[in-house]
Amino acid sequence: MAKETFDHSDIEKKTQEKWEALSLYTTDLTDTEKEKYYLLFEFPYPSGDLHIGHWYAFALTDIFARKKRMEGKNVLFPIGFDAFGLPAENAAIKNGVNPKDWTEQNMETMRAQIRTMGTSVDWSKEVVSCDPEYYKWTQWLFTKLYEHKLAERKTAPVKWCPKDQTVLANEQVIDGRCERCGSEVEEKNLTQWFLKITAYAERLLADLEPLPWREEIKEAQRAWIGESEGAHLTFTAHTGEADVLHPIEVFTTRPDTVFGATYLVLAPEHPSIDVLIQDALNADLVRAYQKETGKKTERERSENKAKTGVVLEGITATNPATKEEVPVYIADYVLNSYGTGAVMAVPAHDERDFEFAQRYALPVVQVIEPSFVDGKNPHVEGKEVTDRNGVIGIVRNKKNNTYLCLAWKHADWTTFVTGGIEEGEDALEAAKREILEETGYGGLEFVATLGNTRSEFFASHKEVNRIGHTTSFLFDLVSDTQSETTSEEKAKHDVLWLTEQEMHARGMRHAEFDYLWKRVTEGLQAYTGDGYLLNSEQFSGRDNREVLEEMVTYAGGEFVKNYRLRDWLVSRQRYWGCPIPVVYDPDGEPHLVPADHLPWLLPEDVDLTPGARGEGTSPLATSKELKERVTRIFGEGWTPEYDTLDTFVDSSWYFLRYLTPRDDHTFSDQGLMKSWLPVDRYSGGSEHTTMHLLYARFFQKALYDLALVPTSEPFNERFNRGIILGPDGQKMSKSKGNVVNPDAVVKEQGADAVRMFLAFVGPYNEPGSYPWNLDGVHSMRRFLDRVYLLRERRTEREATPDELKALHRAIDKIGNDIERFKFNTAISTLMIFVRELESNPTVAQEVFRSLLILLAPLAPHLAEHMWEQAEYKESVHTQVWPSVDVSLLEEETMTITVQVNGKKKGLITVSKKLTQETVEQEALGDPAVIAALKGASPSRVIYVPGRTLNIVIPG
RNA sequence: GCCCAGGUGGUGAAAUUGGUAUACACGCCUGCCUUAGGAGCAGGUCCCUUCGGGGGUGGAGGUUCAAGUCCUCUCCUGGGCACCA
C-alpha cells in the first residue's frame with residue numbers, strides 16, 4: 001500500500017507563485033516601523049550550473065531569513081551576481097562565444113534554478129557586477145581612491161600566471177601556484193595599479209578585536225596582516241678610500257641583540273647597492289649575484305636551502321651600538337619587500353643569520369645569556385644574592401661514546417667537570433685545569449665553545465643565593481693517560497665515563513643540561529629565546545626584555561611596526577573585468593576618466609585569442625574602438641589604460657549597492673546606508689577569510705575616511721559555512737564525476753526535503769565538510785510525509801497541558817537553534833515534537849497551527865500548503881514567530897541522578913517541591929543505592945538542585 | 001618549524017557549558033505487510049557480562065564530590081602562516 005504523500009512539484013509551483021504575487025520578499029528599505037535586519041550571503045559567480053553547494057549557501061541562510069522576518073524584523077536578503085571573471089573569457093576563447101552573452105545566459109539559467117529552491121531572496125535588489133550601471137560605480141569609487149592617494153601606479157615585482165596571462169595579487173598565489181589554474185607562478189617587473197591597503201594595516205588589525213567573529217577567522221586575518229613590533233636602527237656604511245658615509249636602515253624585532261650584530265645583509269634588490277657598489281672591490285661578483293638571484297622567484301630562493309650571498313669588499317658599516325666596523329653582504333635570504341630590505345645579522349641569536357655566518361665564517365658573538373633555574377634548589381627569599389663565574393668542561397670519548405662525569409660524594413649529584421675561574425686565567429684555561437685537577441685527564445682536544453649560560457640556585461653550604469655565569473666547552477679525549485689526582489679531590493667525587501642513557505638515568509644536576517646537551521649532540525646553534533645581556537657594555541647583566549627602550553635610544557633608532565601585508569595589486573591583463581578608468585596623456589602620465597564619462601565602457605571589438613597581443617598586455621589593447629574613443633575625447637596622442645580591475649574590487653562593495661541597485665546618481669544612498677549598515681550577518685565560505693573579507697573591510701574603511709559610508713566596518717557577524725562533499729566523501733569535482741545535480745533530486749524528493757537534508761548534516765555556524773547522502777534526503781521526505789499526515793488529526797479542541805509543554809519546548813529550542821545557525825538540532829527538535837504529537841489520536845487546532853509556523857522556515861513550501869489547506873489566513877510566512885511561555889516549560893517533577901562517589905547508581909523522579917533532605921531520604925531508599933552503600937554511612941552529600949545527588953562515602 | 005581549530009558508535013552528529021554520554025538521523029539486524037520496491041510499518045543496535053553489574057568520549061597523567069567538557073604532557077586530523085629579520 002502506497003503511503004499517502006503530497007505532490008511536491010505542484011505545491012512548490014503554487015506556493016512560489018503565491019509568494020511572488022504577494023511580493024512577500026520585496027523589502028521596503030524605507031520602512032522604519034520595523035527593526036532592520038541585513039542578512040547577506042556571498043553573491044555567486046554565474047558559472048552556469050547551480051550545484052548543491054549553491055543550495056547549501058542560499059537555501060540555508062533562507063531558513064534564518066524567514067525566521068527573522070516572522071520575528072517582525074524588516075529583513076533585507078538580497079542576491080546578485082559576481083559576474084566578471086576569467087571563466088567567461090576562457091569559455092569565449094574555447095567556444096568562440098561572447099563573454100557577455102555567455103555570462104548572461106548563465107545568469108538566466110541560475111536565476112531559474114535558484115527560484116526552485118524557494119528561497120525568500122529579494123530579486124528586486126539584484127546587482128550584476130558586469131553591468132555598466134554597476135561598474136560605473138566601481139570605477140567611480142576607484143577614482144575616489146585615486147584622488148585620495150589610495151590608488152597608485154608603481155613598478156614592482158609582481159606574480160605572473162603564464163597560463164591565465166595575467167598578474168595575480170599575493171593572496172591569489174597559493175604555494176607558488178596560481179590559485180585559479182594551478183600553474184607555477186612567475187615573477188615579472190611591471191608597472192601596475194595598487195590599492196594602498198597597507199595604509200590600513202593597523203586599523204584592519206585593531207578593529208578586528210571587537211568584531212563578534214570566531215577567533216579562527218580573526219586569527220587568520222591577523223596572520224595575514226602579520227604585524228611585528230621592532231625598531232629601525234641605522235648602520236652607517238663607509239665606502240672605500242673616499243670614506244663617504246651612507247646610512248643603511250635595518251628593521252629588527254630584536255634591538256636588544258644589537259651588540260651581537262656582526263655583519264649587515266642587504267637584499268639583492270636593495271637600492272643602496274647601486275651606491276655602495278661604486279666603491280666595492282668586487283663589483284662584478286656583486287652584479288653577477290644580483291643577476292642570478294633576479295632570475296629566481298621568491299619561492300625558488302627559499303626552496304634552495306643553503307643560504308648564499310656575496311660580501312661587498314672594501315665596504316664596512318658601523319654598528320651603532322659597538323661602533324665597530326662590520327662587513328656588508330648581499331644575500332637573497334633577505335627580502336627586499338619586507339621591512340627595509342636590510343637586516344643586522346646577529347648569528348648568535350637568529351637561526352638564519354647563524355646558518356649564513358657558519359657558511360661564510362663570520363664571527364658569532366653571544367649577547368644573550370639563557371637563564372635556567374635549578375628547580376631543586378631555587379633561590380631562597382631574603383638571602384643574599386651573589387654572582388659567580390665558572391666553567392663546565394665536557395669531555396667526550398669518541399671511542400665508546402661516553403662522557404667524563406663526576407659522581408659527588410657529599411650529595412647524590414652527577415655533573416660534568418665544573419669549577420671556578422682563577423685570577424688571571426681565561427675560561428678555556430680554567431676548564432682544562434679543572435679537568436686535569438679533578439680527573440687527571442690532560443690529553444684533550446678543544447672542539448667548541450658551547451657558550452655562556454646563567455643559572456640560579458641556592459648554595460646551601462654557603463647559605464647564599466647564587467647566580468652562576470658559566471662558560472661551557474666541549475673537548476675530545478685524545479689520550480687515555482690519566483695522572484694521579486689529589487686525595488682531596490678523590491674524597492670529593494668519583495670519576496666516571498657515562499653514556500647518554502646513563503647520564504639520563506642518573507639525572508645530571510646542571511640546570512642547563514638540556515641546553516648544553518642539544519649543542520653537544522647537534523652542534524652549535526643560535527639561541528633565539530630571552531635571557532640576560534652579555535658582551536653589551538653597560539647593558540650586560542640585565543634582562544633583555546627590560547632594556548629594549550634604552551637600547552633603541554642608545555643605538556639611535558626608533559620603534560616601528562612592520563606588516564607582512566603588501567599593497568593590493570588590482571591590475572589584470574584580462575578582458576572580462578571592470579575597465580580601469582584611466583587614460584594617459586602624450587607624456588605617459590595617468591589621468592582619471594572624468595566622472596561624466598563613466599561608465600567607461602568595456603570595448604567589444606577585442607581579439608581574445610592569446611596570440612593576438614604582446615605578453616603582459618591586456619586584450620583591450622586589440623580594441624580599435626577604445627583607442628578611437630580616447631583620441632576623440634582626450635585628443636591626439638592620448639592612450640587608454642588596457643588593464644581591467646581584479647574582480648575582488650567588484651565584490652568589495654556590492655553589499656552597499658544592494659540598497660540602491662538602479663540609482664544612476666550615486667553608488668549607494670546615504671540615508672539608506674545610515675539605516676541599514678553594517679550588514680548584520682554575513683554568511684560565506686572560509687576561502688574568503690583573507691581575501692574578500694579583508695578587501696571589503698579595507699574598502700569600507702577607505703570609504704569611511706572619505707565620508708562616503710557611515711560605518712568603518714562593513715559586517716557585524718560573520719559565519720563561515722562548511723562544504724558539501726560528493727557521495728564518496730571526496731570534494732566534488734567534474735573530473736571525479738561525483739558532482740551532485742540538485743535539479744534531479746529536487747524533482748524527485750522536493751525542494752523542502754533537499755534543503756532540510758542540507759540543514760540536518762551538521763552545524764551551519766562552523767566550517768565542516770559533510771558528504772551528500774541520498775538516503776538522508778529520503779529520510780527528510782519521510783519525515784515531511786508524516787507531518788503531512790498530521791493534518792488529519794487536527795481537531796477543534798483546547799490544547800492539553802502535555803501538548804502545550806511539548807509545543808513550547810519546541811518553540812524554545814528551535815528558535816534558539818535557528819538563531820545560532822544550528823539548523824541540525826532545530827530539525828531534530830522538530831522531529832521529537834512531531835513524534836510527541838503522533839502519539840495522540842488528535843492534535844489541538846492551536847498546536848497544529850503553531851507547528852506549521854515552526855515548520856515554515858525549514859520547509860517553506862509544505863508549511864504554506866498545509867496552511868492553506870487548513871484554511872488559515874494569508875501566508876504562514878507572514879505569521880508571528882511564537883514566543884515561549886516559560887511557565888509552560890516547568891515540570892512538576894524532576895529526575896535526579898543519584899550517584900555514590902560520583903558513579904551513577906540510579907535515577908529517581910520526585911516532586912519539584914522537595915527539599916534536599918527529602919530528596920536525600922528518597923535516594924537512600926533506592927535499592928541500587930542501598931546496595932552500593934554496603935551499609936556505610938555518607939560522609940558528605942552534594943546536591944545539585946534538579947540534577948544530581950552525589951552521596952560520598954569514605955573509602 | 002610556528003599559530004589556530006578539532007578528535008565522541010559502522011556513518012553524519014547531540015550533550016542547556018563541570019552534573020543521566022551517544023539525542024536526532026543514516027546504515028545494519030530481526031520481524032510484519034506486500035501489487036516484490038531504491039516502498040511502508042514495528043522492534044533492536046557503544047563494548048564486556050556469570051544478568052548482580054562492570055567499562056567507555058584518540059592516549060597518559062592531574063584537579064574535583066563529580067570531567068566529553070577544566071589543567072599538563074603526548075599522538076593523530078583539518079586549516080592558516082612560513083627565509084617576514
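Keep in mind the model is a prediction, meaning the values are calculated, not measured. Lettering of chains follows the sequences in order, A, B, ..., and the numbering in each one begins at 1.
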- prompt: Just checking, A:R519 and A:Y515: is the charged tip under 6.0 Å from the six-membered ring centre and within 45° of the axis?
  reply: yes
query: Who passes salt bridge (charged side-chain N to carboxylate O under 4.0 Å, His left out) against A:E792, sequence neighbours left out?
result: none
task: Answer yes or no: does a side-chain N or O of A:K905 lie under 4.0 Å from OP1 or OP2 of B:G54?
output: yes
- request: Go through B:C26, B:U20, B:C4 for me and flag the one nearest to the A:E216 side chain.
  value: B:C4
field: Below 4.0 Å: OP1/OP2 of B:C24 and any side-chain N or O of A:T829
entry: no
field: Summary of protein contacts for nucleotides 8-17 of chain B, nucleotide by nucleotide, where a base hit scores B, a sugar-phosphate-only hit scores S (4.0 Å, heavy atoms)
entry: ----BSSSB-
Consecutive-pair stems (3 or more, Watson-Crick or G-U, under 3.5 Å) for RNA chain B: B:1-7 with B:75-81, B:10-12 with B:24-26, B:27-32 with B:40-45, B:46-48 with B:53-55, B:58-62 with B:70-74
query: How far does the P atom of B:A23 sit from the matching atom of B:A13, given to the nearest Å?
result: 15 Å
- prompt: Looking at B:C65, does its base get a donor-acceptor pair with the side chain of A:N950 below 3.5 Å?
  reply: yes
field: From B:C83, B:A85, B:U20, nucleotide with atom closest to A:V334 side chain
entry: B:A85
- request: Can you figure out which of B:A66, B:G27, B:A23 approaches the side chain of A:Q899 most closely?
  value: B:A66
query: Taking the inter-plane angle between the rings of A:H688 and A:H692 on a 0 to 90° scale, is it parallel (under 30°), tilted (30 to 60°) or perpendicular (over 60°)?
result: perpendicular
- prompt: Would you say A:R782 reaches B:A25's phosphate, i.e. side-chain N/O to OP1/OP2 under 4.0 Å?
  reply: no
message: Please encode protein proximity along nucleotides 47-52 of chain B as a string of B, S and -, counting only heavy-atom distances under 4.0 Å.
response: ------
- prompt: Can A:R781 be said to sit on top of A:F6's aromatic six-ring, NZ or CZ under 6.0 Å from centre and within 45° of the ring axis?
  reply: yes
query: Partners of A:E836 by salt bridge (charged side-chain N to carboxylate O under 4.0 Å, His left out), sequence neighbours excluded?
result: A:R809
query: Taking the chi torsion of B:G78, is it syn (within 90° of 0) or anti (everything else)?
result: anti
message: Holding to salt bridge (charged side-chain N to carboxylate O under 4.0 Å, His left out), I want the full list of residues that pass it with A:R545, two or more places apart in sequence or in another chain.
response: A:D530, A:D543
